[in-house]
Amino acid sequence: MNDVIEQISKRSREEILKRVSEGYKKPDFCRVETQDPVVHIKMQEDLIENMKTNMTNNKFVVHDIKESELYDTINAITKEIDAKTLVYSKDLGLDLNKINKTSALCFDTAIEDIRDQLFNTDLSIINAFAGVASHGVACVVSTQNQPRTLSLVTPNCIILLKKERVVKSFFDALHKVKSEYERLPTNILFIAGPSRTSDVELVTVFGVHGSTRVHLILY
């Protein structure tokens, strides 16, 4: 039975590849660029303001600040949510001595070695690769230095986003990833605010698959 399925799959694959190859040889074949669906979305001209509006609607807590205010803003957040323990990525790029906390855990080892500590931490801080203005979404590239788990395991998450990395659409964000990485990362996250679901009786519940509260610091 498996041999029959394999033979059918092989014939189908060969036929598909043959048709694709022949298509490029046809004189009237014309390659058309894929249109960015963002053309159908009504947006403000100012991408930053457009993104802030959409992110607020997505339940992000948005902080639009100057870079010089970064540490004061982080410390104001940790005070507000009474966060004492922090987990961060290896390439976060911040001076941890300037952040008020009782303890800080760098996620630079296998999760099995730090599982108990990791899952009992108040706050994570991660870097966003880009911000998508059309939908108010943070694009986060998962790497060995910034594992995907960082955005999921803590009840509170701070996402850092530089203003020059705000793009218009998902299309632009993916092209930006392709232009800056030799190979596409195995995991690209598009975070649209706190984790939520309405699967049970259409009642919205926050924090099911990730952080309950997400702060976006735009600087």
Side-chain angles (χ1 to χ4, degrees), residues 1-41 43 51 54 58 89-91 107-115 118-119 124 126-154 157 159 161 165-211 214:
M1 184 65 178
N2 289 336
D3 291 341
V4 174
I5 295 175
E6 178 61 30
Q7 290 174 10
I8 294 173
S9 298
K10 183 179 180 182
R11 286 200 302 271
S12 298
R13 183 166 56 249
E14 290 174 349
E15 182 64 26
I16 291 170
L17 292 175
K18 178 183 176 183
R19 291 186 182 185
V20 171
S21 178
E22 290 176 349
Y24 279 97
K25 298 175 183 177
K26 292 182 178 179
D28 58 345
F29 176 82
C30 180
R31 184 175 183 273
V32 179
E33 289 288 341
T34 302
Q35 186 181 42
D36 188 343
V38 78
V39 298
H40 303 293
I41 299 176
M43 296 177 60
M51 190 188 69
N54 288 333
N58 287 339
S89 62
K90 185 178 180 180
D91 59 357
F107 198 149
D108 60 354
T109 186
I111 190 172
E112 290 77 13
D113 298 332
I114 56 173
R115 183 183 300 275
L118 180 63
F119 281 81
S124 62
I126 62 176
N127 285 309
F129 175 83
V132 181
S134 59
H135 290 74
V137 169
C139 173
V140 176
V141 173
S142 297
T143 64
Q144 185 175 0
N145 289 336
Q146 182 171 270
R148 174 176 178 266
T149 311
L150 274 175
S151 65
L152 302 174
V153 297
T154 57
C157 180
I159 300 177
L161 174 62
R165 301 197 70 86
V166 174
V167 297
K168 189 173 185 179
S169 67
F170 285 106
F171 190 85
D172 293 334
L174 289 173
H175 273 282
K176 191 172 184 66
V177 174
K178 289 174 67 177
S179 69
E180 295 187 25
Y181 285 84
E182 185 176 349
R183 292 183 178 180
L184 279 179
T186 56
N187 201 297
I188 302 172
L189 305 176
F190 288 99
I191 300 176
S195 167
R196 75 203 80 174
T197 183
S198 299
D199 289 346
V200 182
E201 297 183 356
L202 300 181
V203 176
T204 302
V205 179
F206 288 89
V208 176
H209 306 294
S211 298
V214 181

Worksheet entry | Closest contact, heavy atoms only, I126 versus S151 | CD1-CB, 3.9 Å
Item to complete: Look only at the side chain of S9 and the backbone of I5, and say whether a donor-acceptor pair between them is shorter than 3.5 Å.
Response: yes
Side-chain donor-acceptor contacts of residues 136-150 below 3.5 Å, not counting sequence neighbours, with atom names and distances?
from: T143; atom 1: OG1; to: N145; atom 2: N; distance (Å): 3.3
from: T143; atom 1: OG1; to: Q146; atom 2: N; distance (Å): 3.0
from: Q146; atom 1: OE1; to: N127; atom 2: N; distance (Å): 2.9
from: Q146; atom 1: NE2; to: N127; atom 2: O; distance (Å): 3.0

Discussion item. Could you measure the distance from the NZ atom of K18 to the CZ atom of R11? Nearest 0.5 Å is fine.
Written reply: 14.0 Å
Discussion item. So, taking the atom named CG in L174 and the one named OG in S179, what distance separates them when rounded to the nearest 0.5 Å?
Written reply: 11.0 Å
Practice prompt. Please test F171 against V38 for side chain to side chain contact (heavy atoms under 4.5 Å, CB included), starting from the C-alpha separation and ending with a verdict.
Written response: CA-CA 8 Å; F171 190 85; V38 78; over 6 Å; no
Worksheet entry | Side-chain heavy atoms of D36 within contact of K168, under 4.5 Å | no
Practice prompt. Taking all non-hydrogen atoms of both residues into account, name the closest pair between V132 and M51 and its distance.
Written response: O-CG, 3.9 Å
Fill in: Full working for side chain to side chain contact (heavy atoms under 4.5 Å, CB included) between H135 and N58
CA-CA 9 Å; H135 290 74; N58 287 339; 5.5 Å; no
Practice prompt. Hey, can you tell me if F170 and F190 have their rings parallel, tilted or perpendicular (30° and 60° cut-offs)?
Written response: perpendicular
Item to complete: Would you please name every residue forming a salt bridge (Lys or Arg N to Asp or Glu O under 4.0 Å) with R115, sequence neighbours left out?
Response: none
Practice prompt. Take F119 and I111 through the side chain to side chain contact (heavy atoms under 4.5 Å, CB included) test and state the conclusion after the steps.
Written response: CA-CA 10 Å; F119 281 81; I111 190 172; 4.2 Å; yes
Response to the item:
Rounded to the nearest 0.5 angstrom, the CG-CG distance for D113 and L118 is 11.5 Å
Practice prompt. For S211 and P194, indicate whether the former's side chain and the latter's backbone hold a donor-acceptor pair under 3.5 Å.
Written response: no
Discussion item. What I want to find out is whether E15 reaches R19 closely enough, with some N-O distance under 4.0 Å, to be called a salt bridge.
Written reply: yes
Response to the item:
Contacts of T154 meeting side-chain hydrogen bond (donor to acceptor under 3.5 Å, both in side chains) (sequence neighbours excluded), chain-then-number -> S124
Worksheet entry | N54 to A133 - nearest heavy-atom pair and separation | ND2-O, 2.8 Å
Worksheet entry | K176, NZ: over 12 other non-hydrogen atoms inside 6.0 angstrom | yes
